[in-house]
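Worksheet: the structure to be examined is printed underneath.
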Amino acid sequence: MPSSPATTGAPAAAARWSGLLLAVLGAIAFSGKAIIVKLAYRHQVDAVTLIMYRMLFALPLFAGLAWWAGRGKPPLTARDWRMVGFLGLTGYYLASFLDFAGLAYITAGLERLILYLNPTIVLFLGVVLFRRQVSRAQLVSLAVSYAGVLLVFGHEVTLLGADAALGTLLVFLSAVSYALYLVYSGEEVRHLGALRLAGLATTVACVLCLLQFVLLRPLSAAVVAPEVIGLSVLNATACTFAPVLMVMMAIERIGAATAAQVGMIGPLSTILMGIVILGEPFTLWVAAGTALVMLGIWMLARARPN
C-alpha cells in the first residue's frame, strides 16, 4: 500500500524541526566563543597562549573527525593537501588568531557583529577575484550592514579610544581571512565532503597554532591559571567542535540557506551573554547597530539569485 501523507509528512517535519534546533544551538554555541575568550583574558593570558590551548584540546577531536569522514575514501592528492593547507591557514588559523587578538580590545558584541559581515566580504571577494556582478539591492544591503557596525564602533571608540580601532581592525581581518576560506572551499567541499574538509583544515590550523606558541613563547608561558585550562576545554568542545557538527547536520536537514538565516540569532545571543556574563553595556546605539547589521544580512540573503 502507498504511504499516506501523514506517514510521509511526519518524518519530514521531524527532520525539519530537528534541523532548526541544531542550527539554533550551533549558532549560540559558536557565539559563546567570544564570551569564553573574554573571561579567559581576565586571568592574565595572551592571545598566542590562549589559542594554543584551544587548539591543543580541539586537535584530537578534529583529527578524529577527519579520519572518520575519510573512511573508505580515496587518499588525498598533492593538490588536495595544498588546498587543505591553504584553507587551514586562512579559515581556521589566521581567522582564529586575529579574532582572539581583537577580542582583547573590543566587546564581544561588536566582535560578533563584525564577524557577521562575512557574507558581505564574500560578495566583495567575488567581485574582485571572479568579476561577479553586484545588484543594486546587494549594494543597499551592504550599506545597511556596515552602517550598523559603524554605529556600534562609534559608541565603543568613545569608551575605549584607539584600542577599539585596533580591535575592530583585527577582527575585520579575521572575517576577511575566513571569507577567503569560504570563497575557495566550495570546490574542495564537493570533492572531499564538508566534514572531511573541516576536520582536515582544522587539524592543520591546530598544528599551526601549536607551532606558533613554540616559536613565539617560552615553554614557561604554558603555565596558566586553572580557570584558563577549563575555559579552553569548554571553548574547544562546546564552542568549536560541537557547533561544527551541529551546523553540518542542520544543513543536511534544512539546507544551507535556511541554516544561515537561523544563524542570525548568533549576534543577539552574543550580546545577551555579554550583558549577563561579562557585564558589557547595552545602549540604544548597540541595539540600533545590531538591528541594522541583521537587516542588511537578511536583505543580502534575499537579494541573492535562486
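Quantities reported herein were computed from a predicted structural model and do not represent experimental measurements.
- Pairs engaging residues 273-282 under the side chain to side chain donor-acceptor pair (under 3.5 Å) rule: none recorded [sequence neighbours left out].
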Derivation and outcome, side-chain contact (heavy atoms from CB on, under 4.5 Å), residues L115 and K33 = CA-CA 12 Å; L115 293 183; K33 174 204 65 179; 4.0 Å; yes

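- Of all the heavy atoms in A175 and N118, the pair that sits closest is O-ND2, 3.1 Å.
- Here the CG atom belonging to L151 is positioned 6.0 Å from the CG atom belonging to L292, to the nearest 0.5 angstrom.
- Expressed to the nearest 0.5 Å, how far OG1 of T168 lies from CD1 of I114 amounts to 4.0 Å.
- Among residues two or more places apart in sequence or in another chain, the side-chain hydrogen bond (donor to acceptor under 3.5 Å, both in side chains) test is passed with R79 by E188.
- Residue I35 comes nearest to G274 through the heavy atom pair CD1-N, 3.6 Å, listed as atom of the first residue, atom of the second, then distance.
- Closest approach of A205 and G88 over heavy atoms only: CB-O, 3.6 Å.
- Although no hydrogens or angles enter the test, the distance criterion places a donor-acceptor pair under 3.5 Å between the side chain of R253 and the main chain of M249.
- Between L65 atom CG and L245 atom CG the span is 6.0 Å, to the nearest 0.5 Å.
- In terms of the side-chain hydrogen bond (donor to acceptor under 3.5 Å, both in side chains) criterion, T203 has no residue partners (sequence neighbours excluded).
- The cluster map of Ile, Leu, Val, Met, Phe, Trp and Tyr, joined by side-chain heavy atoms under 4.5 Å apart, puts V207 and V204 in different clusters.
- Defined by atom type and a distance below 3.5 Å, a donor-acceptor pair is present between the side-chain atoms of S31 and S269.
- Judged as a side-chain hydrogen bond (donor to acceptor under 3.5 Å, both in side chains), and not counting sequence neighbours, R112 has no contacts.
- One distance of note links NZ of K38 with CE of M273; it measures 14.0 Å at 0.5 Å rounding.
- The ring pair (Phe, Tyr, Trp, His ring centres under 6.0 Å) analysis of residues 174-203, with sequence neighbours excluded, yields the pairs F86-Y184, Y92-Y181, Y178-Y181.
- In this structure the side chain of Q138 never reaches within 4.5 angstrom of the side chain of V127, judged on heavy atoms.
- Scored by the ring pair (Phe, Tyr, Trp, His ring centres under 6.0 Å) test, F241 finds F62 as partners (sequence neighbours excluded).
- I28 is listed as a side-chain neighbour of V24, based on a closest heavy-atom distance under 4.5 Å.
- Using a 4.5 Å heavy-atom cutoff, the side chains of T107 and V152 are not in contact.
- Applying the side chain to side chain contact (heavy atoms under 4.5 Å, CB included) criterion to W17, with sequence neighbours excluded, gives L20.
- For the salt bridge (charged side-chain N to carboxylate O under 4.0 Å, His left out) condition, no pair includes a residue of residues 170-184, sequence neighbours left out.
- The side-chain heavy atoms of Y105 and E111, taken from C-beta on, include no pair separated by under 4.5 Å.
- A search for salt bridge (Lys or Arg N to Asp or Glu O under 4.0 Å) contacts involving R136 returns nothing, not counting sequence neighbours.
- Pairs of residues two or more places apart, or lying in two chains, never qualify as salt bridge (charged side-chain N to carboxylate O under 4.0 Å, His left out) while including a residue from residues 289-298.
- To the nearest 0.5 Å, atoms CG (L208) and CZ (F97) are separated by 12.5 Å.
- Hydrophobic clustering, with ILVMFWY side chains joined whenever heavy atoms are under 4.5 angstrom apart, keeps L56 apart from L94.
- Of all heavy-atom pairs spanning A34 and L103, the tightest one is CA-CD1, 3.8 Å.
- Of the inter-residue distances, the one linking L295 atom CG with S141 atom OG reads 9.0 Å to the nearest 0.5 angstrom.
- No donor-acceptor pair closer than 3.5 Å links the side chain of S177 to the backbone N or O of L173.
- Minimum interatomic distance between C239 and I36 (heavy atoms only, all atoms of both residues): SG-CD1, 3.5 Å.
- Scanning all heavy atoms of the two residues, the minimum distance from P74 to R196 falls at O-NH2, 3.2 Å.
- Hydrophobic clustering of Ile, Leu, Val, Met, Phe, Trp and Tyr side chains at less than 4.5 Å, counting indirect connections, unites L87 with V122.
- Put simply, the side chain of R54 does not reach to within 4.5 Å of the side chain of C209, judged on heavy atoms.
- For residues 26-58, no pair satisfies ring pair (Phe, Tyr, Trp, His ring centres under 6.0 Å), with sequence neighbours left out.
- Checked by atom type, the side-chain pair T77/D80 shows a donor-acceptor distance below 3.5 Å.
- Between the side chain of T240 and the backbone N or O of N235 there is at least one donor-acceptor pair closer than 3.5 Å.
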Check residues 212-230 and write down every donor-acceptor pair under 3.5 Å in which the side-chain atom is one partner and the other belongs to a residue at least two apart or another chain.
| unit_1 | atom_1 | unit_2 | atom_2 | d |
| --- | --- | --- | --- | --- |
| Q212 | OE1 | Y93 | OH | 2.7 |
| R217 | NE | D46 | OD2 | 2.6 |
| R217 | NH2 | D46 | OD2 | 2.8 |

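- Taking hydrophobic clusters as Ile, Leu, Val, Met, Phe, Trp and Tyr residues chained together by side-chain heavy-atom distances below 4.5 Å, V171 does not share a cluster with F100.
- L39 and M52 are not part of a single hydrophobic cluster, where members link through side-chain heavy atoms under 4.5 Å apart.
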request  = Starting from the C-alpha separation in whole Å, work towards a yes-or-no answer on side-chain contact (heavy atoms from CB on, under 4.5 Å) for L76 and L200.
outcome  = CA-CA 11 Å; L76 271 65; L200 288 168; 3.7 Å; yes

